[in-house]
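Residues: numbered from 1 along the sequence shown.
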Amino acid sequence: MKSAARIALVYALVSALATAANIGTQAVSMWVYSGAYAVALSVLAGTAMGFPIKYVLEKKHVFAFKADNLGHDARLFILYGFMGVFTTAIFWGIEFAFHRLFGTDGMRYLGGALGLTVGSYIKYHLDKRFVFKQEWV
């Protein structure tokens, strides 16, 4: 059984890694393309990068969950994604609000990091209850 403090630490590290991948991908995306819809495309690219990283690392290191087979893992991934729709809306809402309010990439990235933090906290509880159901979690 893992202690709550250890779970929180590992979850925070996984979230920080996924956040860095997300925000880094956004920055690279903006560097590569700065035309129409660049911000929206960068947010989408960042989400696409961070999401599978977070799933794999959380499944293994936070929840110590092993899928029965590839089909079971695919169903878990879909359910994990479904839980992420709500929390992604929170993340995007905060990031776009910072972009609208402050108008700079730096503040948008700060809003993105803040939104990911809030969303990750909520998502942990959703995943614990609905996706990676185990007695000790």
Side-chain angles (χ1 to χ4, degrees):
M1 180 188 284
K2 292 182 181 180
S3 72
R6 184 177 181 330
I7 291 170
L9 176 63
V10 172
Y11 191 82
L13 291 171
V14 167
S15 292
L17 181 63
T19 297
N22 184 312
I23 300 300
T25 300
Q26 287 188 45
V28 169
S29 176
M30 292 293 292
W31 178 71
V32 170
Y33 176 73
S34 61
Y37 307 107
V39 171
L41 290 172
S42 74
V43 170
L44 185 61
T47 301
M49 178 62 77
F51 178 75
I53 291 170
K54 201 161 178 359
Y55 171 75
V56 168
L57 293 177
E58 283 181 14
K59 181 176 72 168
K60 181 175 182 176
H61 298 291
V62 174
F63 297 103
F65 194 91
K66 292 184 184 184
D68 297 333
N69 54 48
L70 188 56
H72 182 223
D73 200 33
R75 288 189 303 277
L76 283 176
F77 186 75
I78 291 167
L79 183 57
Y80 182 86
F82 181 74
M83 295 297 161
V85 168
F86 172 68
T87 57
T88 297
I90 292 169
F91 148 52
W92 284 358
I94 294 172
E95 181 166 355
F96 283 120
F98 270 58
H99 178 67
R100 182 96 165 135
L101 288 171
F102 302 106
T104 67
D105 287 341
M107 289 304 289
R108 180 171 61 86
Y109 297 147
L110 177 62
L114 179 62
L116 283 166
T117 301
V118 171
S120 290
Y121 175 80
I122 293 168
K123 186 147 183 356
Y124 169 79
H125 290 285
L126 290 171
D127 291 339
K128 178 174 76 169
R129 182 167 181 176
F130 299 110
V131 180
F132 304 111
K133 297 182 278 188
Q134 293 181 357
E135 291 300 316
W136 62 267
V137 178

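By the 4.5 Å heavy-atom criterion applied to side chains, Arg108 and Val43 are counted as neighbours. Here the side chains of Val131 and Leu76 are in contact, with some heavy-atom distance below 4.5 Å. Side-chain contact check for Val62 versus Phe132: every heavy-atom pair is 4.5 Å or farther apart. Contact of the Thr47 side chain with the Trp92 side chain is registered, since non-hydrogen atoms from C-beta on lie closer than 4.5 Å.
Judged by distance alone, with hydrogens and angles left aside, the side-chain atoms of Ser15 form no donor-acceptor pair with the main-chain N or O of Ala12 at under 3.5 Å. Counting only distance, with no hydrogens or angles, the side chain of Lys123 and the backbone of Tyr80 share a donor-acceptor pair below 3.5 Å. Side-chain atoms of Ser34 never come within 3.5 Å of backbone atoms of Met30 as a donor-acceptor pair (strictly under, hydrogens ignored).
In the hydrophobic clustering of this structure, Leu44 does not group with Ile90; members are Ile, Leu, Val, Met, Phe, Trp, Tyr whose side-chain heavy atoms approach within less than 4.5 Å, directly or through other members. One hydrophobic cluster, built from ILVMFWY side chains closer than 4.5 Å, cannot hold both Leu116 and Leu110; they sit in different ones. Hydrophobic clustering of Ile, Leu, Val, Met, Phe, Trp and Tyr side chains at less than 4.5 Å, counting indirect connections, unites Val56 with Ile7. Hydrophobic clustering (side-chain heavy atoms under 4.5 Å, transitive across Ile, Leu, Val, Met, Phe, Trp, Tyr) keeps Ile78 apart from Phe63. Linking Ile, Leu, Val, Met, Phe, Trp and Tyr whenever their side-chain heavy atoms come within less than 4.5 Å puts Leu101 and Val118 in one cluster.
The OG1 atom of Thr104 lies 9.0 Å from the NE2 atom of His99; values are rounded to the nearest 0.5 Å. Taken from CZ in Arg100 to CE in Met107, the straight-line distance is 15.5 Å, to the nearest 0.5 Å. The CZ atom of Phe51 sits 12.0 Å away from the CG atom of Asn22 when rounded to the nearest 0.5 Å. To the nearest 0.5 angstrom, Glu95 atom CD is 8.5 Å from Tyr109 atom OH. Lys133 contributes atom NZ, which lies 8.0 Å from atom CG of Leu79 (distance to the nearest 0.5 angstrom). For the atom pair OG1 of Thr19 and NZ of Lys54, the computed distance is 7.0 Å after rounding to the nearest 0.5 Å.
Closest non-hydrogen pair, Ile53 versus Ala21, comes out as CD1-CB, 3.8 Å. Here the closest non-hydrogen pair linking His72 and Asn69 is N-OD1, 2.7 Å. Taking each heavy atom of Val39 and Ser42 in turn, the nearest pair found is O-OG, 2.8 Å.
Ring-plane geometry between Tyr55 and Phe77 is classed as perpendicular, the angle between the planes exceeding 60 degrees on a 0 to 90 degree scale with a lower cut at 30. Ring geometry for Tyr124 versus Tyr11: interplanar angle over 60°, hence perpendicular rather than tilted (30 to 60°).
In this structure, Met49 places its CE atom where only 12 or fewer heavy-atom neighbours from other residues, nucleotides or ligands lie under 6.0 Å away. The neighbour count for Tyr121 OH, taken as heavy atoms of other residues, nucleotides or ligands under 6.0 Å away, does not exceed 12. Remark: Tyr33 OH is packed, more than 12 non-hydrogen atoms of other residues, nucleotides or ligands lying under 6.0 Å away.
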Original post:
Would Lys59 and Asp73 count as a side-chain contact (heavy atoms from CB on, under 4.5 Å) if you check the C-alpha gap in whole Å, the side-chain angles of each, and the deciding distance to 0.1 Å?
Top reply: CA-CA 10 Å; Lys59 181 176 72 168; Asp73 200 33; 2.8 Å; yes
